[in-house]
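In what follows, a structure is listed as structure tokens, so that the remarks can point back to it.
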Amino acid sequence: MDRRNFLKSGLIGAGAGTLAAGTALANNTIPKEVPEWSQILGAGVDVEPYGLPSPHEAHVRRRNVEWLTASPESSINFTPLQDLSGIITPNGLHFERHHGGVAEVDPNEHRLLIHGLVDKPLVFTLEDIKRFLPVSRFYFVECAANGGMEWRGAQLNGCQFTHGMISCCQYTGVMLSTLLNEVGIKPKGKWILAEGADSAGMNRTIPMEKALDDCMIVYAQNGEALRPAQGYPMRLLVPGFEGNMSVKWIRRLEIGDMPWFAREETSKYTDLLEDGKARMFTWVQDANSIITTPSPEKVMKHKGYNVITGLAWSGRGAIKGVDISLDGGRNWEPAQLEDPVLPKCLTRFYYPWDWQGDGKLIQSRAYDDSGYVQPTFAKQREERGLNSIYHNNSIHTWEVKPNGEVENVQLA
Ligand SMILES: Nc1nc2c(c(=O)[nH]1)N[C@H]1C(S)=C(S)[C@@H](COP(=O)(O)O)O[C@H]1N2
Ligand SMILES: [Mo]
């Protein structure tokens with residue numbers, strides 16, 4: 001936060017001899033005590049060939065919700081957004097969503113078949129895929145059910161649980177358009193069935209326009225091979241669309257002239273409206289945002305200077321701005337976005353405020369470069385009714401209490 005912006009936001013605290021944080025030295029002398037870790041040799045370089053976080057960070061972990069876990073093989077766990085900095089999700093903290101457990105795929109035996117309405121059906125090994133010109137891009141992956149438990153009341157008191165079905169990584173692979181060019185799509189080929197090699201054989205239909213635009217077959221995530229839970233050795237990545245379409249352990253792409261109307265795009269991943277009709281093929285993850293600090297997990301500890309921070313994203317493009325309200329949506333002020341601000345990627349925002357120990361209803365509202373503005377809770381329910389599970393992206397409210405605790409609340 002540079003000083004000019006800090007002053008512009010009308011806050012006081014830094015400057016004029018007031019500390020934002022830190023402790024003044026007694027008599028200007030530094031402490032004499034030398035801690036134990038400074039007096040003995042540390043561990044050698046070969047102790048841990050694959051590095052792990054400090055044991056003091058053991059609380060930073062994925063968590064699940066018991067009543068959402070029918071069986072561990074068909075379940076979900078959540079990314080601890082409240083404990084992350086910047087925009088990248090470490091691979092070990094990427095949320096997991098499996099329909100038939102984590103497939104244990106042998107990368108040497110795995111094959112990707114592309115067939116159907118093509119000139120020349122082809123089978124690719126992992127080695128084949130890696131011979132193409134690689135592309136590395138930053139994208140979020142978000143389950144359509146992220147925030148879904150909020151439709152019927154504020155049921156979960158934690159940012160990890162209300163919004164943790166999202167992650168953001170740098171993905172490396174080959175553009176799907178490159179592979180489709182190799183097989184040659186027949187003019188009638190307008191849809192692609194994507195199928196996984198897991199026991200669920202999970203499949204979805206992808207429109208050709210999207211496939212040729214920015215879809216990728218990825219094999220690396222944040223610089224290393226995909227983790228087994230994320231689809232090792234290869235997954236389809238459909239940027240900005242609901243996570244369900246990014247088929248893991250991808251083994252087959254069939255080109256057709258119609259959508260397949262697969263289970264995951266008819267019975268599931270559709271939204272039943274009040275009039276009995278259902279929204280279908282609602283692929284895009286609309287603009288959304290969440291304040292990660294303060295949050296139920298990150299309570300207020302200090303009066304005076306504080307920084308509200310959080311994440312915003314849009315499946316339509318780049319985040320254009322994030323506004324913050326401290327009074328339940330009556331007044332709004334812009335937050336500062338941190339570079340890089342990339343399309344279909346998480347964007348970090350900051351908003352300094354002077355907290356005097358009073359109760360507040362804090363919210364963030366994102367808008368993207370398509371002109372789309374994150375809707376209020378009331379507006380989204382007015383449009384969609386109460387039957388939905390998926391695609392809840394309404395403005396979220398945290399109640400900051402005078403004692404510093406933070407609670408998940410919903411404003412009618
Ligand atoms: N083959 C296969 N692909 C899949 C799934 C699955 O169960 N099997 N789950 C989907 C769902 S619903 C989501 S939200 C994302 C989750 O990706 P992640 O587990 O890497 O977070 O993968 C999608 N791809
Ligand atoms: Mo999902």
Side-chain angles (χ1 to χ4, degrees), residues 62-65 68-81 84 88-105 110 112-113 139-149 160 163-171 173 192-206 215-222 224-253 260 262-271 282-285 288 313 315 346 388-393:
R62 296 184 287 221
R63 292 181 174 85
N64 58 21
V65 173
L68 279 173
T69 308
S71 75
E73 298 81 21
S74 177
S75 193
I76 178 95
N77 63 21
F78 301 82
T79 295
L81 297 178
L84 300 184
I88 295 300
T89 311
N91 289 335
L93 296 173
H94 194 296
F95 80 100
E96 297 173 74
R97 171 75 181 101
H98 317 305
H99 290 73
V102 179
E104 252 185 67
V105 179
H110 184 77
L112 171 61
L113 166 67
Y139 288 123
F140 71 77
V141 170
E142 183 184 25
C143 181
N146 201 15
M149 284 84 72
Q160 180 161 11
H163 287 76
M165 289 189 212
I166 191 166
S167 57
C168 182
C169 300
Q170 187 191 40
Y171 290 98
I192 305 182
L193 180 80
E195 179 188 78
D198 50 340
S199 65
M202 212 213 76
N203 59 9
R204 279 296 298 256
T205 322
I206 316 291
C215 288
M216 298 169 72
I217 298 293
V218 299
Y219 44 79
Q221 183 178 298
N222 292 334
E224 63 180 2
L226 289 176
R227 296 283 171 94
Q230 267 64 58
Y232 180 84
M234 56 177 87
R235 104 182 275 175
L236 172 65
L237 197 84
V238 185
F241 281 20
E242 58 191 20
N244 186 261
M245 300 173 83
S246 290
V247 176
K248 302 189 278 191
W249 314 287
I250 186 84
R251 74 168 172 206
R252 193 166 74 90
L253 296 167
W260 262 254
R263 173 187 184 268
E264 309 293 329
E265 54 205 25
T266 51
S267 160
K268 307 292 176 196
Y269 297 94
T270 53
D271 312 308
T282 46
W283 300 309
V284 177
Q285 292 297 111
N288 201 349
W313 61 96
L346 292 186
S388 287
I389 298 168
Y390 309 104
H391 295 288
N392 169 29
N393 65 315

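Counting starts at 1 for both ligands and their atoms, following the listed order. Values below: all heavy atoms of this structure, side chains included; hydrogens, waters and symmetry mates excluded. As the structure is a prediction and not an experimental result, all values here were calculated from the model.
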Please state which part of [X] comes within less than 4.0 Å of ligand 1, counting heavy atoms only: side chain, backbone, both or neither.
X      : value
Phe78  : neither
Arg235 : side chain
Asn244 : both
His94  : side chain

**Message:** Quick check: His99 and ligand 1, any N/O pair under 3.5 Å apart?
**Reply:** yes

**Prompt:** Can you check whether His98 has an N/O within less than 3.5 Å of an N/O in ligand 1?
**Reply:** no

May I ask you to test the [X]-[Y] pair for a side-chain heavy-atom distance under 4.5 Å?
X      : Y      : result
Met165 : Phe78  : yes
Ser246 : Arg235 : yes
Leu93  : Ser167 : no
Lys268 : His99  : no
Ile250 : Leu112 : yes
Trp249 : Val102 : yes
Arg204 : Glu195 : no

Which protein heavy atom lies closest to [atom], and at what distance to 0.1 Å?
atom                    : answer
atom 15 (C) of ligand 1 : Gly243 O, 3.4 Å
atom 24 (N) of ligand 1 : Ser246 O, 3.1 Å
atom 21 (O) of ligand 1 : Phe95 O, 2.6 Å
atom 5 (C) of ligand 1  : Met202 SD, 3.4 Å
atom 19 (O) of ligand 1 : Lys248 NZ, 2.5 Å
atom 9 (N) of ligand 1  : Arg97 O, 3.2 Å
atom 8 (N) of ligand 1  : Asp198 OD2, 2.7 Å

Under 3.5 Å donor-acceptor, [X] side chain and [Y] backbone:
X      : Y      : value
His94  : Gln230 : no
Asn222 : Cys169 : no
Ser199 : Gly100 : yes
Arg251 : Leu113 : no
Trp260 : Ile192 : no

Going by the atom numbers of ligand 1, which of them fall below 4.0 Å from some non-hydrogen atom of [X]?
X      : answer
Gln230 : 18 (P), 19 (O), 20 (O), 21 (O)
Tyr269 : 12 (S)
Cys143 : 14 (S)
Val247 : 1 (N), 3 (N), 24 (N)
Gly196 : 1 (N)
Trp249 : 1 (N), 2 (C), 8 (N)
Ala229 : 19 (O)

**Message:** Does the residue Glu264 have a heavy-atom contact with ligand 1, meaning some pair of atoms that are separated by less than 4.0 Å?
**Reply:** no

**Of Ile166, Leu237, Asn244, the residue whose pairing with Val141 passes side-chain contact (heavy atoms from CB on, under 4.5 Å)** = Leu237

